[in-house]
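Chain identifiers are assigned alphabetically (A, B, ...) following the order of the sequence lines, protein sequences preceding nucleic acid strands; residue numbering begins at 1 within each chain. Hydrogens, waters and symmetry mates are skipped; everything else that's a heavy atom, side chains included, is used.
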4 protein chains.
Amino acid sequence: MSPHKAPDSSRRSDRSRRAICDAALSLVGEVGYARTTIEGIAARAGVGKQTIYRWWPSKAAVLMEAFTDEGARRSADVEGVGVAEDGELGIPDTGDLAADLKLVLRATVDGLNDPAAAAPTRALTAEGIMDPALGAQFVENLLEPQLQLYVTRLRAAQEAGEVREDIDPRVALELLVAPLTHRWLLRTLPLTHAYADAVVDHALRGLSVRP
Amino acid sequence: MSPHKAPDSSRRSDRSRRAICDAALSLVGEVGYARTTIEGIAARAGVGKQTIYRWWPSKAAVLMEAFTDEGARRSADVEGVGVAEDGELGIPDTGDLAADLKLVLRATVDGLNDPAAAAPTRALTAEGIMDPALGAQFVENLLEPQLQLYVTRLRAAQEAGEVREDIDPRVALELLVAPLTHRWLLRTLPLTHAYADAVVDHALRGLSVRP
Amino acid sequence: MSPHKAPDSSRRSDRSRRAICDAALSLVGEVGYARTTIEGIAARAGVGKQTIYRWWPSKAAVLMEAFTDEGARRSADVEGVGVAEDGELGIPDTGDLAADLKLVLRATVDGLNDPAAAAPTRALTAEGIMDPALGAQFVENLLEPQLQLYVTRLRAAQEAGEVREDIDPRVALELLVAPLTHRWLLRTLPLTHAYADAVVDHALRGLSVRP
Amino acid sequence: MSPHKAPDSSRRSDRSRRAICDAALSLVGEVGYARTTIEGIAARAGVGKQTIYRWWPSKAAVLMEAFTDEGARRSADVEGVGVAEDGELGIPDTGDLAADLKLVLRATVDGLNDPAAAAPTRALTAEGIMDPALGAQFVENLLEPQLQLYVTRLRAAQEAGEVREDIDPRVALELLVAPLTHRWLLRTLPLTHAYADAVVDHALRGLSVRP
DNA sequence: TCATAAACGAGACGGTACGTCGAGTCTTCGG
DNA sequence: CCGAAGACTCGACGTACCGTCTCGTTTATGA
């Protein structure tokens with residue numbers, strides 16, 4: 001069915017896989033995404049080009065996996081802690097939804113404003129915009145898990161009577177998150193803590209005057 | 001000061017400029033952004049490559065100008081009409097903000113869901129995400145004028161007493177527009193009329209229960 | 001040490017090498033040396049440009065090798081004949097040096113006067129004049145072997161008592177050959193059989209009156 | 001007859017002409033012939049490219065004229081001296097042909113061995129080898145006048161009884177000059193005073209044993 | 001325990017496009 | 001109204017990477 005026989009993944013060299021991911025990450029950090037090449041990754045990893053082409057369809061896919069890996073490794077480092085200590089591991093629930101959201105969104109703002117950390121994510125996002133398959137992977141592996149945390153927190157708020165029952169948490173979350181993403185990706189206006197607060201306030205209280 | 005002396009733009013051939021923009025637009029339409037090359041544009045335009053490199057720094061910049069030009073030409077075509085006939089020329093004001101926004105956002109959804117029309121915009125957006133200079137141009141020339149229409153409409157609603165006085169129209173607009181952009185760019189979930197309506201309803205009424 | 005690592009010549013594709021040489025020779029024959037380009041050679045040979053740049057430093061070097069190759073192939077064709085049948089394979093020795101030299105130099109005149117055959121040699125010679133490295137290769141591979149034949153014949157004439165003992169064969173040979181080369185390259189005056197004869201006569205008998 | 005109307009040479013700006021020649025000579029001296037370009041000459045001369053194309057067919061032709069000019073200027077500088085003081089202004093006649101020729105040819109050797117002085121001549125010669133029209137100009141303007149000096153001297157030697165009557169001075173001169181040119185252009189072996197002497201001796205006395 | 005088949009490193013290959021250079025032509029403007 | 005200035009089309013340059021394709025060389029079972 002497939003024009004080429006699939007490689008036997010049980011024989012795959014994990015040493016090469018890791019070296020490739022590491023090389024990809026470091027190169028993106030050093031020269032940026034656009035000037036990172038498959039040849040460069042292979043050279044830095046001490047690997048034949050074919051070993052990359054055998055297992056990944058594109059440079060972006062390599063980076064995708066490198067990112068996912070890195071995330072998994074970081075998660076593993078804190079496994080068993082039992083308590084979320086930052087936005088990545090759950091949104092706090094102090095009973096004050098506005099405060100909790102502001103805390104998390106301010107942290108998000110800080111993360112997005114760090115140029116070194118965010119540049120590769122930005123590149124990967126842009127690539128995912130053009131390449132649907134890659135974009136789907138990006139959303140599934142990196143974005144959606146984050147967004148689900150908002151769903152969870154918003155449902156809790158509904159049960160606590162803080163949020164109206166007729167609210168769709170999935171839509172609500174996008175009201176909160178999309179504006180930050182918008183400013184981050186398109187650079188229309190500065191992305192600040194004040195903006196994060198304003199988004200939360202506007203979203204929670206609504207635009208309309210009270211009926 | 002500059003490493004290369006700037007060309008004298010008063011001597012610029014407008015015939016070449018237009019041919020290049022036309023060729024760029026048609027090529028992007030035919031083969032997509034990624035497979036459009038500077039050489040291809042030059043060949044189709046019957047122009048030397050150097051004439052492109054003399055005036056534009058990148059393929060994306062050519063397309064940027066081609067888009068802006070096209071927009072300007074379309075605007076010129078309807079000049080003097082006096083009445084906005086679609087969302088690009090102003091948001092209607094029937095006195096019912098929710099209805100007006102739904103109308104416009106549904107039209108936006110339709111535009112974004114048209115693959116042929118939206119693909120080049122998507123590519124240009126992605127390119128602007130990676131290249132700040134280009135992104136700034138994109139925002140200034142194409143995006144911001146659209147967003148200002150929302151500001152205008154929201155201010156009118158404030159004056160009409162439909163929208164609370166303590167709302168910042170700039171933030172409010174992003175609450176409405178960013179979620180659509182988010183789904184369009186990241187393809188997290190389908191972009192439908194129902195979603196546009198839900199965004200408007202959630203944004204206007206707010207998430208919180210009434211105090 | 002070297003700015004670029006040398007390619008591994010054991011992996012070199014001989015098929016490509018031959019195709020490139022053949023293409024180069026045929027192109028020079030068809031359009032002349034100046035209008036032969038590396039791109040043209042690559043295209044005609046069905047080869048990537050890089051494959052030429054990997055192994056040769058210049059267009060002239062390609063032709064140099066093509067010429068040498070062709071010479072080697074022609075020599076191989078007549079191997080085992082045992083008897084020289086033309087000037088390229090040795091200067092005849094009939095005991096009459098003047099007659100032998102006239103024979104050979106007349107043949108040389110004919111070769112140099114054939115425009116099709118001599119044009120590439122002329123181009124290569126001119127290129128070698130400007131580029132010392134190439135010139136050295138030209139002399140070593142193509143010219144010097146020819147000149148040695150004269151040394152051999154002149155030594156035989158010395159042993160036979162035809163030529164004075166105090167003559168340096170290397171200088172003598174240049175007295176015979178350089179005038180023809182001079183007229184051929186610089187086109188001062190026509191290059192004829194009569195001229196070849198005159199050169200031999202003048203050189204053998206000397207300019208001075210008898211003491 | 002000509003496809004383009006010939007420019008009116010009476011209107012020609014001599015200031016431009018000189019500036020172009022000067023620029024050409026200085027550029028060839030600084031960066032070599034191959035890397036001297038028409039654009040470079042025009043820029044250095046403060047002249048439009050068209051002003052060069054109007055009056056010369058090629059880079060080589062510009063240099064040709066520049067050289068001729070320079071030669072004429074140098075000759076003018078010593079006009080009226082009445083006595084030739086070097087090979088360029090006539091071959092001395094002391095009554096000893098061998099000595100006179102050695103003197104001149106040694107001076108020629110020195111000139112040809114000076115890399116700075118000879119490089120442009122070498123380039124022009126090479127160009128003349130490939131381009132017959134240019135070569136004819138080179139021979140007529142620069143080479144032939146030099147060679148005629150040898151004819152003159154050799155005829156004097158014939159009249160003085162030093163040289164045999166049946167010698168053709170034109171052939172004889174080539175016996176003397178061509179070997180030096182040969183070594184100079186093709187770099188087969190070093191070009192030394194000893195070689196110049198050997199050429200004179202071999203040519204005057206001949207190769208054959210006395211009958 | 002070894003043979004054997006796969007993945008591996010290395011890198012040459014045919015290609016495409018890059019961005020630059022210069023050729024020679026054409027146009028504009030200033031003295 | 002000539003000529004400087006330089007923008008134009010064109011073609012080739014030499015480079016960078018692409019993705020494919022051999023080459024030997026590990027390596028890791030399964031016969």
task = To the nearest Å, give me how far apart CG (C/D14) and C1' (E/dC13) are.
result = 14 Å
ask   = Which sits closer to the 5' end of DNA chain E, B/E39 or C/V47, going by the nucleotide each is nearest to?
value = C/V47
query = So, are A/E65 and A/R17 salt-bridged, with charged N and O less than 4.0 Å apart?
reply = yes
note = When rounded to whole Å, the CD1 to P distance for the pair C/I20 and E/dG15 reads 12 Å
remark   = A/R15 atom CZ is separated from E/dA6 atom P, nearest whole Å, by 22 Å
ask   = When the distance from CZ of B/R17 to P of F/dT9 is rounded to whole Å, what number comes out?
value = 14 Å
task = Indicate whether OP1 or OP2 belonging to E/dG14 is found under 4.0 Å from a side-chain N or O atom of C/S16.
result = yes
query = Looking at B/R12, B/R18, B/R11, which one forms a salt bridge (charged side-chain N to carboxylate O under 4.0 Å, His left out) with B/D14?
reply = B/R18
task = Please state whether the phosphate of E/dC13, meaning OP1 or OP2, lies under 4.0 angstrom from any side-chain nitrogen or oxygen of C/R54.
result = yes
query = Over how many whole Å does the gap from D/I41 atom CD1 to F/dA4 atom C1' extend?
reply = 17 Å
inquiry  = Any base atoms under 4.0 Å from C/S10, or only sugar-phosphate, or nothing? Heavy atoms, all strands.
reply    = nothing
Rounded distance (Å) that lies between atom P of F/dA16 and atom NZ of A/K59 = 16 Å
remark   = Taking for C/P57 and for B/S9 the nucleotide of DNA chain F with the nearest heavy atom, the one nearer the 5' end belongs to B/S9
ask   = Is D/G40 touching bases, backbone alone, or none of the nucleic acid, heavy atoms closer than 4.0 Å?
value = nothing
ask   = Distance from D/D69 atom CG to D/L25 atom CG, nearest 0.5 Å?
value = 8.5 Å
Check: E/dC26 base within 3.5 Å donor-acceptor of D/Q50 side chain = yes
ask   = Which whole-number value in Å describes the distance from A/I52 CD1 to E/dA10 P?
value = 12 Å
request  = Could you pick out which residue, D/S13 or A/T37, lies toward the 5' side of DNA chain F when each is mapped onto its nearest nucleotide?
outcome  = D/S13
request  = Measure the shortest side-chain to side-chain distance between C/Y33 and C/K59 over non-hydrogen atoms and say whether it is less than 4.5 angstrom.
outcome  = yes
message = Side-chain N or O of D/T51 versus OP1/OP2 of F/dA4: is the shortest distance under 4.0 Å?
response = yes
query = Per the atom types in the model, does the base of F/dG19 pair as donor or acceptor with the side chain of A/K49 at under 3.5 Å?
reply = yes
ask   = Can you check whether D/W55 has a side-chain N or O nearer than 4.0 Å to OP1 or OP2 of F/dC2?
value = no
inquiry  = Please give me the minimum heavy-atom distance between C/A60 and C/L134, naming the atom from each residue.
reply    = CB-CD2, 3.3 Å
ask   = Expressed in angstrom and rounded to an integer, what is the separation of B/Y53 atom OH from F/dT9 atom C1'?
value = 16 Å
